[in-house]
Amino acid sequence: MSPAAQTDVWAEFETGPLALAAARRLRAQGYGQLEAFTPYPMPELEEVLGLKRPRLLLSLVLAAACLGGGLAFLLMWWTAARSYPLNVGGRPLNSFVTDIPIMFESAVLSAAITAFLGSLFFSGMPRLRDPLDVIPSFARTSIDRFWIGVRDDQPEAREPLSRLLEQLGAVHVHRVEAGP
Amino acid sequence: MPPLTSFGSRPRLDPGVPEFDAQQEHAPSELSRREFLYLSGATIALSSQALLGCTRAPAEKIFPYRVQPPEIVPGRALHYASASTLDGYGTGIVVESHEGRPTKIEGNSAHPASLGASSAAQQALLLELYDPRRIRTVTRGGLPALGDDLTRALRAAGALERRGRGVHLVLGASSSPLLARQLAMLQSKLPELAVHFHVPLSRTAAWQGSRLAFGSTLEARVDLRRADVVVAIGADMLAQGPEHLAVARAFADARRMRTSTDAMNRLYVVETSMSVTGGMADHRLALVPSQMPAFAAALLRELAVALGAAGMPGDLAARLAAQADTLASHGAFVRAVARDLLTQRGRGAVLAGDHLPAAAHAAVHAMNALLGNHALSYAPSPIIGSEQESFGSLRALREALAARAVDSLIVLDRDLAYASAADLELESLLGRAKESIYFGLFANQTSAACNYRAPAAHVLESWSDTRSLGGTTSIVQPMILPLYGGQTPSEVLAVLIGAEQPSAHELLRDFWREQRPNDFESFWETTLSRGTVEGTEIAPVTSPSLSWGWLRQLVESTPAPGGVELNLIADTRLHDGLLGNSPWLLELPCPVTKQCWGNAALIAPALARRLGVSNGQVLELTRGGRTVALPALIVPGHADAALTLALGWGQKYESGQESFGVSGYRLMASNEQAVAPLQIRVTGQLDELALTQDTMSLGESADSILLSSTLADYQKAPKALTPKLKRPLSMYASDAPESERQWGMTIDLNACTGCSACVVACQAENNIPSVGKNGVLKHREMHWLRVDRYLGGSEAAPRVLVEPMACQHCEKAPCEYVCPTGATTHSTDGLNQMVYNRCVGTRFCSNNCPYKVRRFNWFDYHQGEASPRELAENPEVTVRARGVMEKCSYCVQRIRKAEIAAKVGHRPLLDQDVRTACEQACPTQAIRFGDINDARSEVAALRQSERAFQVLPELGAVPRTRYLMKLTNPNPELK
Amino acid sequence: MSSGPVAEVPLWPAPDYSAPPDEMALLPHPQSDAALTAELLDKVLHPPRWLGPAILTTGAGSTVLLAAVVYTLITGIGVWGNNIPVAWAFGITNFVWWIGIGHAGTFISAFLLLLEQKWRTSINRFAEAMTLFAVVQAGLFPLLHMGRAWFFYWLVPYPSTMGIWPQFRSSLTWDVAAVSTYLTVSLLFWYLGLIPDLAAMRDYAPERWRRKVYAVFALGWHGSAQTWRRQRIAYGVLAGIAAPLVVSVHSIVSMDFAIGVLPGWHSTIFPPYFVAGAIYSGFAMVLTLLIPARRLYHLEHVVTTDHLDKMAKMLLVTGSLVTYAYMVETYLAWVGGDSFERHMLLQVRPHGQFAPLFWTVIACNCGSPLFLWSRRVRRSALCLFALTLSIQLGMWLERLMLIITSLSADFLPSAAHGYKPSLIDGALLGGTLCFFLFLFLVFLRFVPFIPVSELKALDYELRGRT
C-alpha cells in the first residue's frame with residue numbers, strides 16, 4: 001500500500017530545490033518510478049513525479065453532496081406531507097421553498113465529510129508505522145528534510161545510482177529492502 | 001364533623017399572596033408532593049369523608065341542576081343551582097362540581113339578577129373556598145379549644161336570665177328570610193340584645209333618600225331597556241350594585257345595533273373618577289364629590305322650571321336656583337342633559353350613586369317622578385333592618401365598647417377592625433369586650449382581638465337562603481361538606497336561641513316547610529334544581545307619592561370643604577375588601593387603571609402637574625389626624641380638585657402584616673359630612689405600580705387595531721367605516737383538510753364595558769396560575785384573555801375604548817409555522833391548537849404573534865400551590881408544566897364535551913351547546929362563540945354585520961375572532 | 001530552545017528577492033526551514049510564563065457559566081429577564097453574536113485561500129481555532145434558551161413512539177442544521193490543515209510522551225508528495241464548500257428574524273446585512289486576539305504590520321456594508337407604506353426607551369470604522385485593538401437592540417412592555433467570554449497555532465525558487 005514498500009534507494013536532501021533538481025535529473029536518466037517526501041507541498045516536484053489529480057475523490061465528493069441534499073428533501077417531504085401531515089399555519093404540506101436551507105446544509109455536510117475522510121483514506125491514513133521509519137533521520141521529513149526514492153530494478157547499476165544521488169547533493173543514501 | 005387537624009397544623013403561606021410569596025414570584029412549595037399525599041392520607045383517616053375522594057358531597061339530599069340523575073358519575077360534572085350574596089343581595093349561581101368538589105361558578109340564567117352572567121367576585125368564591133389561609137380550628141386566646149367550650153360560651157351569651165344585656169351581635173347585611181325569622185325570635189327572647197349590621201359600603205343614604213322622597217324605604221330598580229336617555233350621577237351601575245349584571249345586560253341590549261337602523265340609548269355620566277360606566281358614557285362630566293348634590297339640584301331645577309313641579313315650596317325654588325348657579329361653568333352640560341331628558345320624556349332614567357347624600361337621592365327620585373320615567377320602579381328593600389336610620393352604623397357598638405359595657409361580642413365573619421371608619425377606633429376598642437367570639441373564614445385583626453376564634457362555613461359549604469334586589473329568593477345549597485367544620489350564621493343564631501344540635505339544613509327546611517306547607521318535598525326539589533323560589537318577587541309600589549320636605553336639606557347641603565377632596569370608592573374587584581383577597585381578584589387588572597396587586601391615589605393629570613407628581617410617586621395623605629402613604633396614579637378624566645382612593649385594599653391579617661395596597665378606611669370618617677380637609681404631601685420616593693398595560697394611546701395605526709365611530713356617521717354610511725374583509729392573496733393554497741364545522745368568535749365592542757369578569761372566568765376554567773406582584777412587574781402575567789384599554793380624546797375628557805384580546809385563532813397563524821417541533825398547529829375545525837406535551841419552549845411563537853396573547857410558564861407555577869388549593873383545578877384542562885407555552889384554546893374542552901354529548905345523544909350540535917367561559921360570564925353578551933359555517937348561529941350572523949372588522953387585517957393572518965365596531969351616541973348640542 | 005535535533009543545521013543562503021516586495025513584507029526575515037520550525041514549535045513546547053495562570057483564571061471564570069447554566073436548567077427561564085412580549089433577549093443575542101464572530105475564521109481560510117491571498121497564511125489557524133470556539137459558545141444558547149432544554153433533540157428528525165417529526169418550516173430547525181454543519185466543516189477544515197504540523201510536533205517534541213500523543217493526532221502523516229497533493233486538493237474542496245457555507249449560516253440565522261412578521265424583523269435585507277455584520281465582528285475578534293498574542297509571543301516577524309493593515313481594510317469594508325444596510329433599512333421603512341415598520345425604525349429605535357442603545361450601536365459600528373481610512377491607524381496595533389473592542393461591543397448591542405426593540409413595541413400598544421436583564425443574563429454572557437478565552441488559551445498551549453508547514457511553503461514560494 002505505502003509507496004515506500006516498492007522503493008529501494010532513498011536519498012536525503014537538505015533543501016527543496018536540490019531534491020527537485022535531483023528528481024528532474026533522475027527522470028531524465030529514465031528512472032521510471034520516483035517517490036518523494038517533503039516537509040511542505042512542492043507543486044513542481046509533483047509534476048516531475050507525474051502525479052494525476054485524484055478524480056475518484058472529487059467525484060465521490062460531488063456524489064455525496066447530491067445524495068445529502070436529495071435525502072434531506074425526501075426526509076422533509078415525507079415527514080411533513082406523508083408520515084404525519086399537519087395543518088401548520090395554513091401552509092401547504094409540502095412547502096419546498098422552506099426545505100431549501102436544510103437541503104443545502106446537508107449537501108455541504110456530506111460533501112465535506114467525504115472530502116476529509118476520502119483524502120485520509122486514499123493516503124492510507126490513519127497509519128501507525130511506516131516502513132521508512134527504519135531510516136534514522138527520516139523523522140526530520142516533517143521538519144526540513146527532503147527525500148527522493150528510486151525503485152531500481154537493475155542490481156548492477158546500484159553503485160552508479162548511489163554515486164549519482166550523492167553528486168546531486170544527497171547527504172545520505174539509504175537502501176531499504178523492498179517490502180513484501 | 002371532625003376537623004382536618006392534619007391540615008390545621010400545617011404552616012400557613014404568606015397571607016399576602018395565597019399562591020405565591022410576594023417577594024419571590026416563584027415560591028417553594030408549602031407542602032412537597034409526598035408530604036401532601038401523606039397528609040391527605042391522614043385526612044382521609046381522620047375525617048369520616050375523604051377530602052380528595054368522590055364522597056365529599058353533602059350528606060343531605062341536594063338536587064342537581066338540569067343533569068339527572070344526581071348520582072355522581074366519575075368524570076361527569078354535575079351542576080347545582082345556588083346563590084352568592086354581596087352586601088345582603090343575592091345573585092343566582094350555578095356551581096359545576098366534579099366528584100363532589102366544586103370547580104367552577106357560572107351565573108344562573110333563571111335568576112333575574114344574574115341572567116346567566118357572573119361577576120369576577122362570584123368566580124373568586126371558588127378560590128376563597130379552597131384558600132389555604134382559612135381558619136381551620138377553634139382557638140381560644142390563640143390556643144386550641146374544644147367546640148363544646150365555644151358552644152357553652154354561646155349559650156352563656158344567650159342565657160334567658162341575662163335578657164341579652166351586654167350581648168352584641170355583629171353580622172353583615174342580609175336578606176335571608178330564615179335569618180330574619182331567627183333575629184326576630186332572638187329579639188323576643190333577649191330584648192336587650194344589640195344587633196349591629198356591619199356594611200362598610202351600605203346603601204343607607206339611598207334608603208334615607210327614598211324615605212325623604214316617598215316616606216318609606218324603597219329600592220329603586222331600573223330597566224335600561226326602557227330608557228333612551230340615561231343620566232348616572234356618581235353611579236357605576238354597569239359594574240357595581242346589587243343587580244349590576246342585569247343592569248349591564250339591559251344597557252347592552254339597548255345598544256346592540258344589530259342593524260344600522262336600530263335605536264341606541266345615550267348615556268351621560270357625572271362622576272369624580274373614571275369608572276367602568278364612565279368609560280361607556282357618550283358624555284361625561286367630572287365633578288368633585290361635593291358638587292354632586294349641586295349637579296342634582298341644577299338638573300332638578302331645569303326640569304322643574306320646564307315641567308312646573310307641583311307642590312315644590314316656592315321659597316326653596318329660588319335657593320335651588322342659587323345653588324344650581326354654583327355649577328354655572330357646566331350650565332351648558334346641565335341644560336343639554338335636561339333638554340334631552342325632556343324631549344325623551346318618560347323614556348329616560350336618572351340614577352344616583354349609593355355614596356351620594358340622601359337629599360341627592362331624593363332629588364333623583366323627584367326628577368324621575370317629574371319625568372314619569374317608566375324605566376324606574378320602586379319596591380321595599382329585602383334587606384333586614386334597612387328601614388332603620390342607623391343601619392350600618394357602628395357608633396352604638398363603639399359607645400358600648402368604650403364604656404366597657406360589652407359582656408359578650410359575637411362577630412359573624414365581619415372584619416370590623418379593618419372595614420370601619422378609622423375614627424371609631426374599633427381596632428383598639430374591640431379588646432374591651434369581656435367575652436368575644438369570632439366566626440370567620442380568615443384570621444384578621446378582628447379575630448385577633450376576639451377571645452374565641454372559630455371557622456365559619458363558606459357559602460359553598462352552607463345551607464341558607466338569600467333574596468335579590470327584586471326579592472327573588474334563592475336557596476343556597478352546599479356543594480361540599482365544610483372543609484374545616486365551619487358554622488353557618490343560622491346555626492350560630494340557633495344556638496343563641498337555645499337549639500341543641502342545630503343543623504342549617506334542618507333549620508332551613510323547617511322554615512320553608514312553614515312557608516310552603518302543602519307538597520313541601522316537591523316544592524323543595526323544584527326550587528333547589530331551579531335555583532329560585534317561585535312567587536317571592538317583591539311587588540313594586542305603584543306611583544309612590546312625592547313629598548318635597550327634603551328640598552331644604554338639598555339646598556343646604558354642606559358646601560365643599562375646599563382644597564382637594566378625598567373620594568373613597570368601592571374597588572371594582574375587591575369591593576369593600578371582605579371578599580377574601582383571592583389572588584384571582586388581586587391579579588385582575590383594574591378595568592380603569594390596569595393596576596393590580598395594589599391600589600393607588602388616582603389624580604387628574606392637571607392636578608398631578610400642579611403638585612409635580614408622576615406615576616408611582618408616593619403621596620402622604622393626611623385627614624382627621626391619620627396619614628397613609630401610597631403611590632400616585634394619573635388618570636385622565638379624573639375630576640381636578642379631588643383624589644380618589646379605592647377601598648378594599650390593605651387588609652391586615654392576624655399577624656398584623658398588611659395585604660397588598662393601602663387601606664382607605666384609615667382615612668374614612670364615620671360622618672363624611674363634617675370632615676377635616678385632606679392634606680397631601682408629595683414625597684420623593686417612588687413605588688412600583690403593577691400595571692399590565694403601559695401605553696394607553698392607540699398610536700398612528702389606530703385604524704388597523706380598533707374601529708370606533710359615532711352613531712350618526714355610522715347610520716349615514718354603514719358600510720363605509722369598516723374595510724371590506726377580503727382573504728389576502730397567498731402564494732400557497734393550504735391543502736390541509738377542513739371539516740365543515742368551523743369555530744369562531746365575535747366580540748361586540750359596543751356592548752363590552754371592560755368589566756373583566758371574562759378574564760377571571762377564563763382563569764378559573766383553564767387552571768391559569770397567578771404570578772404574584774413581582775411576576776406582573778416583570779410582565780409575566782398569565783391571563784389568556786386580557787382587556788386592552790385605549791384612550792382617545794383629550795386628557796380632561798378622554799374617550800375610552802376597550803378591546804378584549806385573546807388568541808385570535810388565525811387561519812394563517814404566524815405562530816404556527818415558526819414552531820420547530822410542530823407544537824402549535826391547526827385543527828380541522830379551525831382551532832389554533834397548543835400541544836403542551838410537544839412544546840420545548842423556544843417562545844418563537846410568542847414573538848411572532850402580532851397580538852401577543854401567548855403566555856409562557858417561566859417557572860413551575862403550580863408547584864407552589866398549598867393544599868387544598870389544587871382542588872379548585874378543572875380536571876378537564878391540563879395543568880401546564882414549566883417551560884411550555886399556553887394560550888386561549890377557545891375552551892376546546894367545552895367544545896369536545898358538547899360534541900361528544902351531541903354524538904352520544906344522536907342529535908345535531910346546537911349553537912347554544914358550546915359556550916366558552918368568557919362568553920358565559922359576560923354580563924353584556926358582548927362575546928359570542930359558535931360555528932361560523934352554521935347559518936343559524938349567532939356568530940355567523942354577527943360576522944356579516946357592517947360593524948365587523950379584524951384586528952391587524954393587513955398581516956394576512958386571517959384571525960377567526962372578529963370585532964364589532966364601537967359606537968358612541970353623542971348629543972349634537974354638546975361638542 | 002534553540003538546541004535540539006536540528007540545532008546544527010546551517011542557515012539558508014541569502015535568497016534572491018524575486019517575489020513582489022509587498023508580499024515579501026509578509027515574511028521579512030529569511031529563516032531556514034529548521035529555524036522557522038524550531039522557533040514556532042518551541043512557542044508551544046515552552047509556553048510563556050503567563051499562560052498557565054491565564055488558563056487557570058479563565059477556567060475559574062468558566063465555572064460561572066456552569067453555575068448559571070445549572071441554575072437556569074433547575075429553576076426555569078424565569079431567572080432571566082425575559083418577559084412577554086420580550087420573549088427573546090440576551091440568549092439569542094449571544095447566539096447571534098458568537099456565531100457571527102465564528103464567521104471570520106472560515107472566511108479567512110476559505111475565501112482568502114480561494115482568492116490566493118498569501119497574507120492569510122500566518123493567521124488562518126488562529127482564526128479557524130477562534131471560529132471553532134466561538135461556535136461552541138454560540139451552540140450553547142439555542143439549547144439553553146428553550147423552556148425545556150432537555151427535549152432539544154425534538155428538533156432533530158428521529159423515529160419516535162410519538163410518530164411526530166420536527167417542523168421544517170421553522171427557521172429554528174434550519175439553525176440546527178446550519179450550526180451543526182458549520183461546526184463540523186470548520187473542525188474538519190481546521191484539522192486537515194493541522195495534520196502536517198502535528199506531524200512536525202511528533203517528530204520535533206523532545207519528550208517521549210509528547211511524541212506519542214502528537215503521533216496519535218498526526219494520524220501517521222509522512223508528507224509524501226502524493227499525500228501532500230491529496231491534502232491540498234481536499235483542503236481546496238473544503239474551502240470551496242466552506243465559502244458558500246459561511247454565507248449560508250448567517251443568512252439562516254438572520255431568518256430567525258426575517259421570517260417573522262414583526263416590524264423591524266420582517267425584512268429581505270437581513271441575510272446580506274447579517275453576513276456582513278458577522279464577518280465584521282469576526283475580523284474584529286481575530287484582531288482582538290491576534291494583537292496581544294502577536295505581542296506576547298513575539299511574532300511580529302510572522303504576523304506583520306501588513307497583516308494587521310489588510311485585516312483593518314476588511315474591517316473597513318464590512319463596516320461600511322453594515323452602515324449601508326442600516327441606511328437602506330431605514331430608507332425602505334420611510335418610503336415603504338407600512339406604518340408599523342415606519343414607527344419602529346423612525347420612532348421606537350432612535351427615540352424610544354432604548355434610544356441610548358441604538359445610538360451606541362451607530363457610534364460603535366458606523367463611527368469607529370471611519371478611523372480606518374487612515375493608514376496610520378490601520379498600522380497601529382494599539383489603535384486597532386481599541387477599535388476592534390468598540391466594534392464588538394457595537395455588534396453585540398446591535399443584535400440586542402434589533403431583538404428587544406421590535407419585540408417590546410410591535411403591533412398592539414397594549415402589549416408594549418420594556419425589558420430588564422437579570423444577573424443570570426450577565427453571568428451567562430460573561431461566562432461564555434471566559435469559556436471562549438479558556439478554550440483559546442488551551443489551544444495556544446498544545447497546538448501549533450502558526451501553520452508551520454504553510455509558512456515554510458510560503459517561504460519557499462517567495463524565495464526558494466533558485
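What you see is a predicted model, and the numbers here were worked out from it, not measured in a lab. Letters go in sequence order (proteins before strands), and every chain restarts at 1.
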Worksheet item: Which residues in residues 81-92 of chain A have a heavy atom less than 4.5 Å from any heavy atom of chain B?
Response: A/Leu86, A/Asn87, A/Val88, A/Gly89, A/Gly90, A/Arg91, A/Pro92
Worksheet entry | Crowding at CD, B/Glu740 (>12 non-hydrogen neighbours, <6.0 Å) | no
Item to complete: With sequence neighbours excluded, tell me which residues meet salt bridge (charged side-chain N to carboxylate O under 4.0 Å, His left out) with A/Glu47.
Response: none
Fill in: Heavy-atom pair count under 4.5 Å with chain A, highest-scoring of B/Gln833, B/Glu738, B/His826
B/His826
